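Remember, predicted model here, so these are calculated numbers, not experimental data.
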Amino acid sequence: MKKRIYKPSIAYRNQDNAEQNLLSKISILEELRSAIEASLAVGDKENAIHADFPKSIRQFNLWDSVKGPSYGISEVRRNSNETLRRYPSIRTRIEMTILSLNQIKQAIKRRGSNPERDLRMKLAESEKLRKILELELVKIIKERNEIAQDREIQLDRLAILQRSLKELSGAPHLVATPSRKKTPKA
């Protein structure tokens with residue numbers, strides 16, 4: 001059973017700010033992906049190629065308003081890898097979006113090249129995506145097993161407490177007896 005840790009209120013506020021920062025950064029990347037796809041749809045290959053974005057999780061963590069484009073968001077701050085570890089669903093979204101952006105950029109660069117090589121590249125990219133999803137599935141299964149194990153421990157403790165209570169309620173020395181009050185003699 002996990003022990004509950006109480007934090008000061010500022011810690012919760014910082015945690016919320018970190019989560020909002022991650023969500024802002026991922027929304028920028030998702031909007032960028034949509035903009036690149038729209039540019040490609042109208043045949044504007046030049047703008048799509050020159051789009052600047054983080055190409056890895058490490059670059060994503062180091063990305064801030066000063067070192068990289070913020071695309072209209074006033075403040076984008078750096079984050080640590082530990083912050084991402086606290087939000088596995090956001091991390092998965094980031095990995096998938098970065099992978100998608102990298103795929104689009106590579107597809108733009110190699111258009112009209114060897115189709116066999118294109119298929120190999122797509123296969124390699126889909127393998128990367130599959131590995132990301134497999135790791136996410138393993139994490140979910142592990143968490144589910146931990147929750148089930150905690151539940152079993154709690155049920156065992158509850159059963160022990162119920163037996164103890166039953167034993168105590170049947171014990172003669174613990175049975176409540178009415179108290180005898182002495183009445184004053186008149």
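Remark: the backbone N or O of Gln15 is not paired with any side-chain donor or acceptor of Arg86 at under 3.5 angstrom. Formation of a donor-acceptor pair under 3.5 Å by the Asp64 side chain with backbone atoms of Val76 is not found in this model. Using a distance-only test at 3.5 Å, with no hydrogens or angles considered, a donor-acceptor pair links the side chain of Gln59 to the main chain of Lys55. With hydrogens and angles disregarded, no donor-acceptor distance shorter than 3.5 Å links the side chain of Asn81 to the backbone of Arg58.
Looking at Ile26 and Glu30, their side chains come closer than 4.5 Å, going by heavy atoms from C-beta outward. At a threshold of 4.5 Å between non-hydrogen side-chain atoms, the residues Phe60 and Thr97 do not count as touching. Within the 4.5 Å cutoff, the side chain of Ile28 has no heavy atoms near those of the Glu31 side chain. For the pair Arg151 and Asp156, the minimum side-chain heavy-atom distance is 4.5 Å or more. Looking only at side-chain heavy atoms (C-beta outward), Ser89 and Thr92 stay at 4.5 Å or farther from each other. Using a 4.5 Å cut-off on side-chain heavy atoms (C-beta onward), Tyr87 and Asn79 make no contact. Counting heavy atoms from C-beta outward, Ile90 and Glu19 have side chains that approach closer than 4.5 Å. Here the side chains of Lys25 and Asn21 are in contact, with some heavy-atom distance below 4.5 Å.
Closest heavy-atom contact between Ile57 and Ile98: N-CD1, 4.3 Å. When every heavy atom of Arg33 is checked against every heavy atom of Ser100, the shortest pair comes out as CD-OG, 3.1 Å.
For the atom pair CZ of Arg130 and CG of Leu133, the computed distance is 9.5 Å after rounding to the nearest 0.5 Å. Between the NZ atom in Lys122 and the CD atom in Glu125 there is a gap of 8.5 Å [rounded to 0.5 Å]. For the atom pair Leu84 CG and Glu95 CD, the distance stands at 8.5 Å (nearest 0.5 Å). Remark: Glu136 CD to Met96 CE distance equals 9.5 Å, nearest 0.5 Å. Here the CZ atom belonging to Arg93 is positioned 8.0 Å from the OG atom belonging to Ser27, to the nearest 0.5 angstrom. In this structure, Leu155 CG and Arg157 CZ are separated by 11.5 Å, a value rounded to the nearest 0.5 Å.
Under a hydrophobic-cluster definition in which Ile, Leu, Val, Met, Phe, Trp and Tyr are linked whenever side-chain heavy atoms come within less than 4.5 Å, directly or via other members, Leu29 and Ile132 are assigned to different clusters. Put simply, Leu99 and Leu22 are part of two different groups of oily side chains (I, L, V, M, F, W, Y) that touch within less than 4.5 Å, one to the next. Residues Leu135 and Ile140 do not share a hydrophobic cluster, defined by chaining ILVMFWY side chains whose heavy atoms lie under 4.5 Å apart.
Defined by atom type and a distance below 3.5 Å, a donor-acceptor pair is present between the side-chain atoms of Ser80 and Thr83.
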Show the numbers, then the answer: is there a side-chain contact (heavy atoms from CB on, under 4.5 Å) between Asn17 and Arg77? CA-CA 10 Å; Asn17 290 341; Arg77 297 175 316 279; 4.0 Å; yes
Using the rule given for side-chain contact (heavy atoms from CB on, under 4.5 Å), can you reason through Arg78 versus Asn61, listing the C-alpha separation, both sets of side-chain angles and the distance that settles it, and then say yes or no? CA-CA 6 Å; Arg78 287 179 167 193; Asn61 288 338; over 6 Å; no
How far apart are the C-alpha atoms of Arg85 and Glu82, what are their side-chain angles, what is the distance that settles it, and do they pass the salt bridge (Lys or Arg N to Asp or Glu O under 4.0 Å) test? CA-CA 5 Å; Arg85 229 177 263 132; Glu82 184 63 33; 2.7 Å; yes
